[in-house]
Structures are given as structure tokens and as C-alpha cells.
Amino acid sequence: MITVIGSINMDIVVETTVFPKQGETVFGQGFHTVPGGKGANQAVAVARLGSHVHMVGALGQDAFGNELRTILQQEKIDDTFVRTTETATGIANITLFDNDNRIIVVPGANADVSRESIDAARTLIAKSDLVVMQLEIPQDTVEYALSVCEELHTRVLLNPAPAENFKAEWMERVAYFTPNETECADIFGVDVESALERFPNQLIVTLGADGARYYDGTQHVFVKGFKTKAVDTTGAGDTFNGALAHALTKNQSLSEAVEFANVAASLSVEKFGAQGGMPQQEAVLKRLGGAQ
């Protein structure tokens, strides 16, 4: 069983060929509301692969909150510990222009994921094989959750996004840590090789389409990505983390788990939306078999 503690957002996406100047109104070419938030994304990735997953988070008493809770339930994610608060549901306002994006995140109810939320889920955390977290909920809550997991001897996979919310001393409480190259450099202030050698079999650095790497205590291990034609890379990192969590709780070696996660991520970018392309286990195993 895996417990995900984290954010739940509705992504509000506008596509435009003309980026408006200040005070200007322009016509757009597309509008979408897409379920997101790193916590929910990673929970969906885990659930699609067949693991039993619980979500700890918060939603508002609004239409977005109702829709997002329904999606969690449809994905067979246990939402018992997803609180409904008086704060509006978190959103990400995304403008797509010229193959680039500009994003404004309003945390909303995600800021209400508190120590009390963690205490309420304490028995669940104790029973979990792995707890997965990111950094889109309050820093104090993350720190408290880490201390509870440490006390209960529950392993943690921490995806440090956004990286500026991470504290270096948390590494002592984390079993698996999954920054990308940029986040790794920002957090540790050294080159990737030096950082990896400080945290063997704990620090896994993602390399986008090139896969991921870690240090096994003796040598640097590169696990190649699976090359594919990307349609939307938004959910690739979250798919990687969800798939890695799933594989690690199925007694796979770290190398096998990273390879599984790479293949899952490659499938996720072939469809639109962070959650839209997240694969079922059968698809991952099929592609994994073809890659070997």
C-alpha cells in the first residue's frame, strides 16, 4: 500500500498564438480544464499501475473540488483523508504560447494540508509500504510528515518540486530522493556526480528523455530512457515518481524500478494532459519487454 501526501489542483489551460500586451485583449485557440497537482498526479500514476493508493490532501467546497474528488474516486484512489475546507480548490493558470508556457499557481486548499491532516492519517501511514511526497503543500507540513514517517519506520520517496521548499537536513529522513538535474544542482550546490556519491542508492536524478542515474556505492549507474515522440511532457516527472514508487514496493531492485519508471514516463508523454497519458501496468510491461 502506498500513501501520497500532496497537492490537488485544477489546471486551467489557455492556448494562444498572440501573447497579449498589458491591457490588451486577444483571441485564444483553445481552453481546457485538466486535473493536476503533483500529489494527485503521482497518486493517479500509482493507481493506474495497480497499486493500492491513499491520498492525503485538501479540496475546496466548489465545482473544481467536487470534480477532482470524483476523478480520484474514479481512479480507485482512496480519498478518505482528502479534507474539504472552506478555501477554494487550488488551481494552476497555464498560458500556452509559441511552444512555451507561463504558469501562475494559486495553492488554495493545498495550503490547508496541515499537521492535523498528517495526524488524522497516522494509522494509515504506519501501515503503508511507502509514503510519496512533493513540495506543493506547506513546508511545515512536509517536515512534520517526515518526522511522523521516521517515528513509524515508514519509508519516504520525496520528489523535491518546487526545489526551493526543500531543506537539506531532510535527506536523513528520506529513503529515495528524485530531483531532476536542475533541482539537484540548486539543492546541493555541487555537480551531479558529487551529489550522487554523497547519497548512494538514495538520490536518483532524472534526466528527462535520457532516463535517470544514481550511484550504487561502487559505480555510477545510468538507466536509459525510452525514446518516443512526445505530445505533452507535463506529467512525465509525476509518472516517473508514481511508477518508481509502485515498482519499489513490488520488491524490484533499484535498477529495475528506475527502468520501469522510465518506460512509464515515456508512455505518459504520448497524450495530452498531466494525467491523460499515464499508463496501465500492461502497457508498461509490453513496452519494457520490447525494449529488452
Side-chain angles (χ1 to χ4, degrees), residues 1-11 34-49 51-60 64-65 67-85 87-92 103 105-118 120-121 124-125 128 130-146 148-149 154 156-163 165-166 170 174 176-179 183 234-246 268 273-276 278:
M1 181 177 70
I2 294 171
T3 295
V4 178
I5 302 172
S7 57
I8 312 170
N9 287 337
M10 184 64 80
D11 294 348
V34 183
K38 284 192 165 297
N41 288 347
Q42 293 177 19
V44 168
V46 171
R48 294 247 179 108
L49 293 167
S51 280
H52 187 198
V53 58
H54 292 252
M55 181 84 209
V56 178
L59 291 166
F64 284 158
E67 183 177 353
L68 290 168
R69 188 179 290 278
T70 298
I71 289 169
L72 292 176
Q73 294 169 350
Q74 289 173 341
E75 295 288 349
K76 297 182 173 57
I77 297 166
D78 191 302
D79 67 335
T80 302
F81 296 100
V82 176
R83 298 170 55 203
T84 299
T85 78
T87 312
T89 298
I91 65 101
I103 303 175
V105 175
V106 181
N110 293 310
D112 294 334
V113 183
S114 63
R115 290 180 174 225
E116 289 73 22
S117 304
I118 306 305
L124 173 67
I125 292 169
S128 298
L130 188 67
V131 165
V132 178
M133 287 193 287
Q134 324 75 32
L135 301 178
E136 292 185 333
I137 58 174
Q139 189 182 60
D140 177 68
T141 303
V142 174
E143 190 158 38
Y144 183 68
L146 287 171
V148 169
C149 290
T154 301
V156 175
L157 187 158
L158 179 61
N159 175 221
N165 291 339
F166 179 73
W170 291 350
V174 173
Y176 305 102
F177 189 63
T178 59
E183 291 162 345
T234 309
D238 292 331
T239 303
F240 177 93
N241 280 279
L244 182 67
H246 167 81
S268 76
Q275 297 176 13
M278 289 179 171

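- Heavy-atom minimum distance, Ala245 versus Val132: CB-CG2, 3.7 Å.
- Side-chain atoms of His246 and Ser51 form a donor-acceptor pair, as typed in the model, at a separation below 3.5 Å.
- The OG1 atom of Thr3 sits 6.5 Å away from atom CD1 of Ile125, with the distance rounded to the nearest 0.5 Å.
- Thr87 places no side-chain N or O within donor-acceptor distance of the main-chain N or O of Ala109, the cut-off being under 3.5 Å.
- Across every non-hydrogen atom of Arg115 and Thr141, the tightest pair is N-OG1, 4.2 Å.
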Report task. Using the side-chain contact (heavy atoms from CB on, under 4.5 Å) rule, take Val156 and Leu146 through it: C-alpha gap first, then chi angles, then the decisive distance, then the call. Result -> CA-CA 8 Å; Val156 175; Leu146 287 171; 3.8 Å; yes
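- Counting heavy atoms from C-beta on, the side chains of His52 and Val46 never come closer than 4.5 Å.
- Legend: residues meeting side-chain contact (heavy atoms from CB on, under 4.5 Å) with Asp11, ordered by chain and number and at least two apart, are Asn9, Val13, Val34, Ala92, Ile94.
- For the atom pair Gln134 CD and Thr178 OG1, the distance stands at 9.0 Å (nearest 0.5 Å).
- By the side chain to side chain donor-acceptor pair (under 3.5 Å) test, Thr154 pairs with no residue at all, sequence neighbours left out.
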Requested in this report: Start with the C-alpha gap between Ile5 and Val131, add the side-chain angles, then the distance that decides, and say whether side-chain contact (heavy atoms from CB on, under 4.5 Å) holds.
Outcome: CA-CA 7 Å; Ile5 302 172; Val131 165; 3.8 Å; yes
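- Two residues are said to be in side-chain contact when any heavy atoms from C-beta on lie closer than 4.5 Å; Leu59 and Val82 meet this criterion.
- If you take CE on Met10 and CG on Leu68, they are separated by 4.0 Å, rounding to the nearest 0.5 Å.
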**Report entry** Intermediate values then yes/no, side-chain contact (heavy atoms from CB on, under 4.5 Å), Asp78 and Val53
**Finding:** CA-CA 6 Å; Asp78 191 302; Val53 58; over 6 Å; no
Requested in this report: Let me see the working for Ile77 and His54 under side-chain contact (heavy atoms from CB on, under 4.5 Å), right down to the final yes or no.
Outcome: CA-CA 6 Å; Ile77 297 166; His54 292 252; over 6 Å; no
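- With values rounded to the nearest 0.5 angstrom, Leu72 atom CG is found 6.0 Å from Asp79 atom CG.
- When atom types are taken as modelled, the side chain of Ser128 and the backbone of Leu124 share a donor-acceptor pair closer than 3.5 angstrom.
- Side-chain contact of Gln275 with Asn41: a donor-acceptor pair under 3.5 Å is present, judged by distance alone.
- Taking the side chain as every heavy atom from C-beta outward, Leu135 and Val142 approach each other to under 4.5 Å.
- A donor atom on one side chain and an acceptor atom on the other are not found under 3.5 Å apart for Arg48 and Thr239.
- Once rounded to the nearest 0.5 Å, the distance linking CG of Leu157 with CD1 of Ile2 reads 9.0 Å.
- Asn159 places none of its side-chain heavy atoms less than 4.5 Å from the side chain of Met133.
- Under a 3.5 Å cut-off, the side chain of Ser7 and the backbone N or O of Asn110 do not form any donor-acceptor pair.
- One distance of note links CZ of Arg69 with CE of Met55; it measures 11.0 Å at 0.5 Å rounding.
- Looking at Arg83, its side chain never comes within 3.5 Å of a backbone N or O of Gly60 through a donor-acceptor pair.
- Among all heavy-atom pairs drawn from Val105 and Pro107, the shortest one is O-CD, 3.6 Å.
- Defined by atom type and a distance below 3.5 Å, a donor-acceptor pair is missing between the side-chain atoms of Asn165 and Gln139.
- With sequence neighbours excluded, no residue forms a ring pair (Phe, Tyr, Trp, His ring centres under 6.0 Å) with Phe81.
- At least one donor-acceptor pair under 3.5 Å links the side chain of Ser114 to the backbone N or O of Glu116.
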